[in-house]
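Heads up: numbering here begins at 1 and tracks the sequence.
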Amino acid sequence: TLGVAVAADGSVSRVAADRIRIVGLQTDDDVRLYLPNGMIANQTRATSDAVTMTAGTQGVVIVEVVRQGKQVCVRKLK
């Protein structure tokens, strides 16, 4: 898996061709998946410390996590 830090104990990884798992979240974090052209592929609000989201593509996806209005993570998965 591709692992990059979201928080000290968190990670972002592909769990299937078009599914992304984000770990290390806090409740009410806003999570967005973007396509390389800037369009939002998916978005959700965390209700636990982890979410699994469908990206709708097997290609490059940008993961953004916003906590209390501040961007705390932006990572690119290939």
Side-chain angles (χ1 to χ4, degrees):
T1 61
L2 298 171
V4 290
V6 169
D9 59 348
S11 69
V12 176
S13 60
R14 282 194 191 270
V15 292
D18 70 338
R19 293 178 59 81
I20 310 294
R21 181 148 176 89
I22 303 101
V23 179
L25 300 170
Q26 293 180 8
T27 300
D28 292 331
D29 282 356
D30 290 312
V31 184
R32 294 182 190 93
L33 304 181
Y34 292 92
L35 301 175
N37 65 7
M39 292 183 60
I40 294 176
N42 200 344
Q43 62 184 347
T44 193
R45 179 161 287 168
T47 58
S48 68
D49 68 337
V51 297
T52 301
M53 302 171 67
T54 301
T57 182
Q58 297 178 19
V60 174
V61 176
I62 293 91
V63 179
E64 176 188 47
V65 178
V66 175
R67 181 175 297 148
Q68 297 176 348
K70 296 181 182 175
Q71 189 179 64
V72 296
C73 171
V74 176
R75 296 292 184 259
K76 178 171 79 172
L77 293 181
K78 297 180 181 182

message: I'd like to check the side-chain hydrogen bond (donor to acceptor under 3.5 Å, both in side chains) partners of Q71; sequence neighbours left out, ordered by chain and number.
response: E64
query: With clusters built from Ile, Leu, Val, Met, Phe, Trp and Tyr whose side-chain heavy atoms come within less than 4.5 Å, directly or transitively, what are the remaining members of the cluster of V74, listed by chain and number?
result: Y34, I40, V60, I62
query: Which atoms form the tightest heavy-atom contact between M39 and N37, and what is the distance?
result: N-OD1, 3.0 Å
message: Starting from L35, can I reach V63 by hopping between I/L/V/M/F/W/Y residues whose side chains sit under 4.5 Å apart?
response: no
- prompt: Between R32 and V66, is any pair of side-chain heavy atoms under 4.5 Å apart?
  reply: yes
task: Taking all heavy atoms of A41 and all of A55, pick out the closest pair and write down the distance.
output: CB-O, 3.3 Å
Sequence neighbours excluded and cut-off under 3.5 Å, please list the side-chain donor-acceptor pairs for residues 18-28, or say none.
unit_1: R19; atom_1: NH1; unit_2: T54; atom_2: OG1; d: 3.2
unit_1: R21; atom_1: NH1; unit_2: T52; atom_2: OG1; d: 2.8

task: For residues 35-56, pull every pair meeting salt bridge (Lys or Arg N to Asp or Glu O under 4.0 Å), keeping only residues two or more places apart or in separate chains.
output: D30-R45
query: Okay, side chain of R14, backbone of A17: is any donor-acceptor separation there less than 3.5 Å?
result: yes
